[in-house]
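Chain letters run A, B, ... following the sequence lines, proteins first and then strands; every chain starts at 1.
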Number of protein chains: 2
Amino acid sequence: MELSPTAKVVLGMIALGERTGYDIKRVVERSTAFFWGASFGQIYPELARLEGAGLISGSSRGPRGRKEYEITAAGRRALRTWLASPEPQAFAFRSEGLLKAFFGDLAPIEDRLANARRLVEWNEHVLALFREIEAEGSTAEALTYGVEFIKWNLDWWRRHERRLKARARTRPRPETRVRHRR
Amino acid sequence: MELSPTAKVVLGMIALGERTGYDIKRVVERSTAFFWGASFGQIYPELARLEGAGLISGSSRGPRGRKEYEITAAGRRALRTWLASPEPQAFAFRSEGLLKAFFGDLAPIEDRLANARRLVEWNEHVLALFREIEAEGSTAEALTYGVEFIKWNLDWWRRHERRLKARARTRPRPETRVRHRR
DNA sequence: GAAGGCATGTAAATCGTTACATGATTTA
DNA sequence: TAAATCATGTAACGATTTACATGCCTTC
């Protein structure tokens, strides 16, 4: 019973006691979203699939048409199997800011500095959001990971900004035209 | 002229002097892959699109059927526009290991420890790969980012492993059964 | 002349976001 | 009673991976 990426969060959240798609979305947004997101467009079809596969069971509709589910014994088994699985654990990292920095020599220094500045600000906002979630009492290790990562990332971009400024002072207007290889 | 995600690397690599899809793939694998990948299935159609849009121009076929491109003036403009763009810079982070750690209480401690161990080993391998690329003489800042990130990540997972071991000593067999909320 | 690396390309399948449509219930 | 929030769902599009098909060129 191979779980799809979205099934992993959805089934896990149901196992933790969440009952509806809407609940799952709300909790995901405040917990796993940073490293494992899920949109409504994925959650609702996934709940239907999981029910069809017998991993969760949906009781009748509650108030406001809420469709409440709970995990089944088979669902619990599938979840444990995944949690114990030795298969390589998916990892993906994508950063447009880094890509721009990589092609840095193709752009004037002012543009590079502006980008670095924006990255620093974005990291500050995310850190503030994480602090807020922390303040609500969450002690999840995953949150600690998020906070530590953002602190490190913020620091890297600040140092990057400083390096660019130093370079701007030495060579105020670097060449932006790339020479062709012959 | 909105550039697709793949167009950003492809056009950038052509601007840096790479000539064919095959070359781009090889260079990407040793430079941006960690934060911005591209597969053949994306690169070749993207080259065709970029040529159709006039951002690159393909000369005739070289040896072994090589199809060589170079950037046009319009392509250079499009690239600079993107590099200077203030739009939010895409960022994505996905870690199945963290998701498993988040649902940790649903699994026996041995499974959690095994996962942490695997993560530590994976990070050690990636770090070794980065060191190898560094040894080849690359000084790209993006590589420094990769090395520093992996060092930090490796350290986090080692600390996580230690925390799990400490917990295993105190409570050798924690409950794995989740209580339902009523 | 066989093997292996160079090189381009397509097709299928999956994954994920976004926008939209719809309606119930609570609150100002 | 209007607005906000709760709640489910679908459709369209775009991004991405993987597997496959094909042929050239060099080296052993």
Side-chain angles (χ1 to χ4, degrees), chain A residues 2-11 13-14 18-30 32-53 56 58-69 87-88 90-96 99, chain B residues 2-11 13-14 18-30 32-53 56 58-69 87-88 90-96 99:
Chain A
E2 189 64 26
L3 297 176
S4 76
T6 301
K8 287 166 186 172
V9 229
V10 169
L11 191 56
M13 289 298 177
I14 295 284
E18 298 311 321
R19 289 167 138 78
T20 72
Y22 199 85
D23 290 344
I24 290 169
K25 171 72 173 167
R26 187 173 28 75
V27 173
V28 162
E29 238 38 64
R30 286 251 142 188
T32 69
F34 178 60
F35 54 91
W36 206 273
S39 67
F40 285 126
Q42 293 168 277
I43 293 172
Y44 288 117
E46 191 59 54
L47 283 167
R49 268 192 295 275
L50 290 172
E51 190 182 16
I56 59 177
S59 53
S60 57
R61 299 264 174 146
R64 287 184 202 238
R66 279 168 65 92
K67 204 162 167 185
E68 306 190 325
Y69 295 94
E87 252 113 80
F91 178 83
F93 182 89
R94 217 166 157 81
S95 166
E96 190 170 0
L99 189 65
Chain B
E2 189 64 26
L3 297 176
S4 75
T6 301
K8 289 165 186 173
V9 227
V10 169
L11 191 56
M13 288 297 177
I14 295 283
E18 298 310 322
R19 289 169 140 80
T20 71
Y22 200 83
D23 290 344
I24 290 169
K25 171 73 172 166
R26 188 173 26 74
V27 173
V28 162
E29 239 38 65
R30 286 251 140 186
T32 69
F34 177 60
F35 54 91
W36 207 274
S39 67
F40 285 126
Q42 294 167 276
I43 293 172
Y44 288 116
E46 191 59 54
L47 283 168
R49 268 192 296 275
L50 289 172
E51 190 182 16
I56 60 178
S59 54
S60 56
R61 299 264 175 148
R64 287 183 204 240
R66 280 169 65 93
K67 203 163 168 183
E68 305 190 326
Y69 295 93
E87 252 113 81
F91 179 84
F93 181 90
R94 217 167 157 81
S95 166
E96 189 171 1
L99 190 66

For the pair made of [atom1] in [X] and [atom2] in [N], what is the distance, rounded to whole Å?
X: B:Arg26; N: C:dA7; atom1: CZ; atom2: P; result: 8 Å
X: A:Tyr22; N: D:dC6; atom1: OH; atom2: P; result: 4 Å
X: B:Leu47; N: C:dT8; atom1: CG; atom2: P; result: 8 Å
X: A:Lys67; N: D:dT10; atom1: NZ; atom2: C1'; result: 14 Å
X: A:Glu46; N: D:dT8; atom1: CD; atom2: C1'; result: 16 Å
X: B:Ile24; N: C:dT8; atom1: CD1; atom2: C1'; result: 13 Å

Determine the contact category for B:Gly65: base if any of its heavy atoms lies under 4.0 Å from a base atom, sugar-phosphate if only primed atoms, P, OP1 or OP2 are that close, otherwise nothing. sugar-phosphate
Within the structure shown, what part of the strands sits under 4.0 Å from A:Arg94 by heavy-atom distance: base, sugar-phosphate, or nothing? sugar-phosphate
Let me confirm one number: the [atom1]-[atom2] distance from [X] to [Y], rounded to the nearest 0.5 Å.
X: A:Leu3; Y: A:Leu50; atom1: CG; atom2: CG; value: 7.5 Å
X: A:Tyr69; Y: A:Ile24; atom1: OH; atom2: CD1; value: 9.0 Å
X: B:Arg61; Y: B:Arg66; atom1: CZ; atom2: CZ; value: 11.5 Å

Compare side-chain N and O positions of [X] against OP1 and OP2 of [N] and report whether any pair is under 4.0 Å apart.
X: A:Arg64; N: C:dT22; answer: no
X: A:Lys25; N: D:dT8; answer: no
X: A:Gln42; N: C:dT17; answer: yes
X: A:Arg61; N: D:dG9; answer: yes
X: A:Thr6; N: C:dG16; answer: yes

Check this for me: does any side-chain nitrogen of one of A:Glu29 and A:Arg26 sit under 4.0 Å from a carboxylate oxygen of the other? no
5' priority, DNA chain C, between A:Ser4 and A:Pro63 [closest heavy atom]: A:Ser4
Given 3.5 Å as the limit, does a donor-acceptor pair link the side chain of B:Glu68 with the main chain of B:Arg19, or not? no
Nearest to the side chain of B:Thr20, which nucleotide is it out of C:dT8, C:dT10, C:dT17? C:dT8
